[in-house]
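Each chain gets a letter, A, B and so on, in the order the sequences are listed, and its residues count up from 1.
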Protein chains: 2
Amino acid sequence: MKDPLVNLAGYVLRRASAVALAELNQRLAPLNLRHADVAMLMLIESVPGITQSHAGRVLDIQRANMAPFVARLEARGVIERRQVDRRSQALDLTRRGRALLSRARRVVAAHEATLLKRVPVKLRPMVLPILMALWNRDAA
Amino acid sequence: MKDPLVNLAGYVLRRASAVALAELNQRLAPLNLRHADVAMLMLIESVPGITQSHAGRVLDIQRANMAPFVARLEARGVIERRQVDRRSQALDLTRRGRALLSRARRVVAAHEATLLKRVPVKLRPMVLPILMALWNRDAA
DNA sequence: ACACGACTGCTATACTATATAGCAGTATGG
DNA sequence: CCATACTGCTATATAGTATAGCAGTCGTGT
């Protein structure tokens, strides 16, 4: 089938992302986690006590959506909130959160391995640099 | 800010895709198009008379979602449906659709150029091969 | 010849992710 | 000490995608 879109980086980027995301979410389903949950847990682990609003900025989650999202994780007992200010909330992992995260990390690692295995060995070292460049974390 | 997620290809893939998609949609807004519309128009142009269900499979759009999607494009007068069977619909661009598509194509080209410009020249030739590989169009 | 399974287009519905608007309260810098 | 910016939050809206099921049609195997 002649697909005229496969020459468009933007299109292939979107399709690749959609597939990878679906696969990851499927892998995480047994842990009752979604990709965003794991991202949050990993961020909090890496920056313990990070502010809720700050975490939202890093992960690009709106303040409005942060509230129920964090509340769910807290209700589940994997993170806890600590008042830092009378407005800011610091986030930390609970013992349970750390245990869950360590399981999730294995799933993520397997997912990453699957992704990279699809790329020819010679191209593999360029995957992250190219994705970072496309994401445009540095330039304007 | 130490972001522990930037080493994960899946994460960066998702973020890059989200940014690129948002940018493209913004560029297309003046034409009153979204990225999915353009994908459909380009596909129909490339395979005139393609069946609605077939187009849905190529673009990975569910049959159920295809119906209102195609209806919108038809109501707008950019595509037309032709009965091929008493069940299958063949899709074609109208004159108006071709005109709109040629404008959209310029927007898409500009978007593609912007994306690729972010990638160091030496890595640029690897962008599409890597994205295709991640998308996994061939392997299992 | 025709029954059956597979396919098409469709409606209705639901779920997820994300976005906008606005509020009450708090911190901070000029 | 006041104006401004910030925080967490609720309520709500929009877009994209997914599921279930229906009526009708087609193609194939026997």
Q: Taking only Lys NZ, Arg NE, NH1 and NH2, and the carboxylate oxygens of Asp or Glu, determine whether B/E112 and B/R118 approach each other closer than 4.0 Å.
A: no

Q.
Measuring to OP1 and OP2 of D/dT17, would you say a side-chain N or O of B/Q62 lies under 4.0 angstrom away?
A. no

Q. Rounded to the nearest Å, what distance is computed from the CZ atom of residue A/R86 to the C1' atom of nucleotide D/dC6?
A. 15 Å

Q. How long is the gap from CZ on B/F69 to CD on B/Q62, to the nearest 0.5 Å?
A. 13.5 Å

Q. Roughly how many Å is it from NE2 in A/H35 to P in C/dT16, rounded to a whole number?
A. 12 Å

Q) Could you give the CD1-to-P distance, from B/I50 to C/dT8, as a whole number of Å? A) 12 Å

Q: Enumerate the residues from residues 16-31 of chain B whose closest heavy atom to DNA chain C is under 4.0 Å, giving them by residue number; use none for an empty result.
A: none

Q) Do any N or O atoms from the side chain of B/D92 and from the backbone of B/G49 form a donor-acceptor pair under 3.5 angstrom? A) yes

Q) So, for A/R76 and A/L33, which heavy atoms are closest and what is the spacing to 0.1 Å? A) NH1-CD2, 3.5 Å

Q.
Side chains of B/T114 and B/R27: any donor to acceptor distance under 3.5 Å?
A. yes

Q. In whole angstrom, what separates B/L59's CG from D/dT17's P?
A. 11 Å

Q | For A/V119, all residues meeting side chain to side chain contact (heavy atoms under 4.5 Å, CB included), sequence neighbours excluded | A | A/L123, A/R124, A/V127, B/I130, B/A133, B/L134

Q. How close or far is atom P of C/dA17 from atom CE of A/M40, stated in whole angstroms?
A. 13 Å

Q.
Any side-chain to backbone donor/acceptor pair from B/T94 onto B/G77? Under 3.5 Å, distance only.
A. yes

(Q) Taking B/S88's backbone N and O only, do any of them form a donor-acceptor pair with B/Q52's side chain (distance below 3.5 Å, no angle check)? (A) no

**Q.** Where protein sits on nucleotides 7-12 of chain D, one letter per nucleotide: B base, S sugar-phosphate only, - none, heavy atoms under 4.0 Å
**A.** BBBBB-

